[in-house]
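Here's the structure, in structure tokens; my notes come after.
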Amino acid sequence: MSRADFEAVQQLMTAYFDGLYRADSAALRPLFHPSLTYVSAGAGDDFTLDLEAYMARIDQREPPAMRGEKNNGAVLEIGFGGERMARVTARMAMMGRDYLDFLTLVRDVGGAPGWRIAAKIFTYDAHAREA
């Protein structure tokens, strides 16, 4: 993939971490595919949401920023599977948990230019790391 694609995915991830940190569904919504699949793969905490249910969940959160937590999101890996498909492995500690996300991205969805998160599958450790 091109350097521009890599940078675009990195920019998306910066916006993703910032939106989660601020619990800002208006900032997060455009980062996701309209048919998002959101899956919790935590031990004993299996559930799936669509985009609307996930945004409602974001709206109900107390933002980690207001709780004085650090914005510590990190991209561990970016891989491309062609011109329109990518995957990102990311980590972020917030709300007393250490999250590991596997994100699948697609580009240029339904005429909208740019990369969008089509699937978010995550797990977490209930004891967040010290950052």
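In this text the structure is predicted, and so the values were computed from the model without any measurement.
- Contact detail for Val75 and Val88: the closest heavy-atom pair is CG1-CG1, 4.1 Å.
- Shortest non-hydrogen contact noted between Met95 and Pro64 is CG-CG, 4.3 Å.
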Between Leu20 and Ile58, does a side-chain contact (heavy atoms from CB on, under 4.5 Å) hold up when you go through it step by step? CA-CA 8 Å; Leu20 289 174; Ile58 293 291; 3.8 Å; yes
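- Dense packing is recorded around CE of Met55, with more than 12 heavy atoms of other residues, nucleotides or ligands lying under 6.0 Å away.
- For Gln10, the CD atom counts as densely surrounded, since its 6.0 Å shell holds more than 12 non-hydrogen atoms of other residues, nucleotides or ligands.
- Atom CG of Asp101 and atom CZ of Arg87 lie 14.5 Å apart (nearest 0.5 Å).
- At least one donor-acceptor pair closer than 3.5 Å links the side chain of Asn72 to the backbone N or O of Ala93.
- Placement of Ile78 and Ile117 within a single hydrophobic cluster is found when ILVMFWY residues are connected by side-chain heavy-atom separations under 4.5 Å, directly or transitively.
- The structure places CG of Leu36 at 8.0 Å from CG of Asp50, a figure rounded to the nearest 0.5 Å.
- Residues that satisfy the ring-ring contact (aromatic ring centres under 6.0 Å, His included) test with Phe102, not counting sequence neighbours, are absent from this structure.
- One hydrophobic cluster, built from ILVMFWY side chains closer than 4.5 Å, cannot hold both Met92 and Val39; they sit in different ones.
- When the side chains of ILVMFWY residues are joined at heavy-atom separations under 4.5 Å, either directly or via intervening members, Tyr124 and Leu49 end up in a single hydrophobic cluster.
- Summarising the geometry, atom CZ belonging to Arg57 is positioned 14.0 Å from atom OG belonging to Ser25; distances are rounded to the nearest 0.5 Å.
- If you take CG on Leu31 and CD on Gln11, they are separated by 11.5 Å, rounding to the nearest 0.5 Å.
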Please assess Arg29 against Glu52 for the test salt bridge (Lys or Arg N to Asp or Glu O under 4.0 Å), listing each intermediate value before the final yes or no. CA-CA 9 Å; Arg29 182 180 293 278; Glu52 295 307 316; 2.8 Å; yes
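- Ring-plane geometry between Phe122 and Tyr99 is classed as tilted, the angle between the planes lying from 30 to 60 degrees on a 0 to 90 degree scale.
- Both Phe17 and Leu103 are members of a single hydrophobic cluster when ILVMFWY side chains are connected at heavy-atom separations under 4.5 Å.
- In the hydrophobic clustering of ILVMFWY residues, with side-chain heavy atoms under 4.5 Å counting as a link, Leu76 and Met94 come out apart.
- A donor-acceptor pair under 3.5 Å links the side-chain atoms of Asp108 to the main chain of Gly114, judged by distance alone.
- For the atom pair CD1 (Ile121) and OG1 (Thr104), the distance works out to 6.0 Å, reported to the nearest 0.5 Å.
- Applying the ring-ring contact (aromatic ring centres under 6.0 Å, His included) test to Tyr21 and every residue at least two apart in sequence or in another chain returns nothing.
- Side-chain rings of Tyr38 and Phe32 stay apart, their centers remaining 6.0 Å or farther from each other.
- The closest donor-acceptor contact from the side chain of Arg84 to the backbone of Gly81 lies at 3.5 Å or more, if one exists at all.
- The two residues Glu83 and Trp115 make their nearest non-hydrogen contact at O-CH2, 3.7 Å.
- Among residues two or more places apart in sequence or in another chain, the side-chain hydrogen bond (donor to acceptor under 3.5 Å, both in side chains) test is passed with Asp18 by Arg22.
- Of all the heavy atoms in Ala27 and Pro30, the pair that sits closest is O-CD, 3.5 Å.
- Residues Met13 and Ala90 approach most closely at CE-CB, 3.8 Å, considering heavy atoms.
- Closest heavy-atom contact between Leu28 and Ala15: CD2-O, 4.4 Å.
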